Amino acid sequence: MSATFKFDKVRISGLAAVVAENEIRIDDEQAYYPDAEALQRLKKTIGFDRRRVANSTTTTADMCRQAASRLMQKMRLSPDDFEAIISVTQTPDYYMPGNAHIIHRDLGFPQTCIAYDLEFGCSGFINGLFMACMMAEKGIKRVLLLTGDTLSKIINIKNRADAPVFGDAGSAAVIEVSKEKVPSYFCLCSDGRGADMMIKKAGAYRIPTSEETQKEIADSKGNISSQENFFMNGFEVFNFTMTEQPKLLHEILRFSNKTPDEIDYFVMHQANKYIVETIAKKSGISLDKTPYRTFSEFGNQSSASIPVTICNELADDLNKNIRNVLLQGFGIGLSWGACQLQFDRPLILKPQIYGEKNE
């Protein structure tokens, strides 16, 4: 069972996403896959095709800043229109201060606008949205929610279990008090016993950087990484996903008193194409309502995955029509959560490549 929460007068009024500037195609990395037939199977089942990774000088804050600037410009909002910023990332510009204060400074937000940082991965958009809704219900009129990661910077390119999976992106969402009663429902879960399933073991304060932590080691399948690279136990993570995510999907439907037929879109974290399709199948929901192309275009973008998917696959419809949407994220921590809410024609911008000027 999860922790459940309901909010009555909060809405998403705008959403923008920025993807990293460099496109990598799996077909250009065939040197890592001597078995050509195996690569074709991975492309068909997992959905490997393209991913976007950032330059060495491009950070999560850079992409979130661009997304926020573009969205605020299109919505005709200024920094003075916000009372809070929330930044969700695992890859901040600095250990301290957090990205919320960096963007607060760079975009010129007033002292009356409070700034908060959260550290979540693939459930980051759900958890950030939950905090934004709490703030709005308690009187904060408008919140800027930033989510993004540059996991490619902490994954060894020679680790072929993880490197082809992850892309980099940043996003910005505007959450504000609704004039009308529009309920939003959240189910949130955590399990710290799975902390070692996805972890960057060295480089912080428990295991500081050293020559030993920087040594590259090959696993039984030939994937090479060090203790300072991101590690994921793919088998255990897959089992966790298949066990918990269909249950969570049905739980959020019960809590919101909705049937699958009443939901227009099920937007899941884009872990990979196979996982999204399998969760949908095990949950008895239609793939026609479940976007899944974003992984093959941009990769698994961690906390930016859900907003990028909305911007990439649903913008045209959500800009014109009122839709009931279910969002679901799951990942590092372990942390997983879902929310069911109504999109009442917010401004959804198509994804922009980092460095492109606002049109």
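Since this is a predicted model, take the numbers as computed values, not measurements.
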Worksheet item: Is it true that Asp27 and Lys43 make a salt bridge, defined as a side-chain N closer than 4.0 Å to a carboxylate O?
Response: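 Salt bridge flag = yes for Lys43 with Asp27.
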
Practice prompt. Mark yes or no: Lys201 above the aromatic ring of Phe231, with NZ or CZ under 6.0 Å from the six-membered ring centre and no more than 45 degrees from the axis.
Written response: yes

Fill in: No-hydrogen, no-angle side-chain donor-acceptor test under 3.5 Å, Glu21 and Thr58
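Yes, because at least one side-chain N or O of Glu21 sits under 3.5 Å from a partner of the opposite role on Thr58.
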
Worksheet item: According to the interplanar angle, ranging from 0 to 90°, do the rings of Phe330 and His269 count as parallel (below 30°), tilted (30 to 60°) or perpendicular (above 60°)?
Response: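 Aromatic pair Phe330/His269 classed perpendicular.
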
Worksheet item: Do the ring planes of Tyr185 and Phe255 sit parallel (below 30°), tilted (30 to 60°) or perpendicular (above 60°)?
Response: perpendicular

Discussion item. Does this structure show an ion pair linking Arg11 with Glu176, if we count only N-O contacts that are shorter than 4.0 Å?
Written reply: yes

Worksheet item: Do Ser69 and Leu107 have side-chain heavy atoms sitting under 4.5 Å apart?
Response: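 Sidechains of Leu107 and Ser69: in contact.
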
Fill in: Pairwise distance CD1(Ile279) to CD(Gln328) - rounded to 0.5 angstrom
6.0 Å

Worksheet item: Do you know the tightest heavy-atom contact between Lys357 and Gln352?
Response: O-NE2, 3.3 Å

Discussion item. So that I can tick it off, tell me whether Lys215 and Glu228 are bridged by a salt bridge, with the cut-off set at under 4.0 angstrom between side-chain N and carboxylate O.
Written reply: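 Result for this pair is no, no salt bridge flagged.
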
Discussion item. We want to know whether Asn229 and Asn159 form a side-chain donor-acceptor pair, criterion being a heavy-atom distance below 3.5 angstrom.
Written reply: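 No, because no side-chain N or O of Asn229 sits under 3.5 Å from a partner of the opposite role on Asn159.
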
Worksheet item: Asp117 side chain to Ala100 main-chain N or O, any donor-acceptor pair under 3.5 Å?
Response: yes

Worksheet entry | Pair Lys281 + Glu277, salt bridge at N-O below 4.0 Å |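 Looking at Glu277 together with Lys281, the answer is no, because their closest N to O distance does not fall below 4.0 Å.
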
Fill in: Within the 6.0 Å centroid threshold, strictly below: Phe7 and Phe186
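Yes: the rings meet the under 6.0 Å criterion.
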
Worksheet item: With no hydrogens and no angle check, is any side-chain donor or acceptor of Ser286 less than 3.5 Å from a backbone partner on Asp288?
Response: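 Checked: pair present.
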
Practice prompt. Would you please indicate if the ring centroids of Phe166 and Phe230 are separated by under 6.0 Å?
Written response: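 Under 6.0 Å, so yes.
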
Worksheet entry | Salt-bridge present (Arg65, Asp62; N to O < 4.0 Å) |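 Salt bridge: yes.
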
Worksheet item: If we ignore angles and hydrogens, is there a donor and acceptor under 3.5 Å between the side chains of Asp317 and Tyr265?
Response: yes

Worksheet entry | Distance-only polar pair, side chains of Asp168 and Gln301, donor-acceptor under 3.5 Å |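 Short answer, no.
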
Worksheet item: Is the closest basic N to carboxylate O distance between Asp344 and Arg323 below 4.0 Å?
Response: no

Worksheet item: Are any non-hydrogen side-chain atoms of Phe125 and Phe120 less than 4.5 angstrom apart?
Response: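 In short, these two side chains do not touch, never coming nearer than 4.5 Å.
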
Worksheet item: Does a side-chain N-to-carboxylate-O contact under 4.0 Å join Glu83 and Arg142?
Response: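 Salt bridge: no.
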
Worksheet item: Should the pair Glu23-Arg52 be classified as a salt bridge under the 4.0 Å nitrogen-to-oxygen rule?
Response: yes

Fill in: Ring center gap for Tyr292 and Tyr274 short of 6.0 angstrom
no

Practice prompt. Would you give the length of the straight line joining atom CD1 of Ile306 to atom OG1 of Thr294, rounded to the nearest 0.5 angstrom?
Written response: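 Going from CD1 on Ile306 over to OG1 on Thr294, the span is 11.0 Å.
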
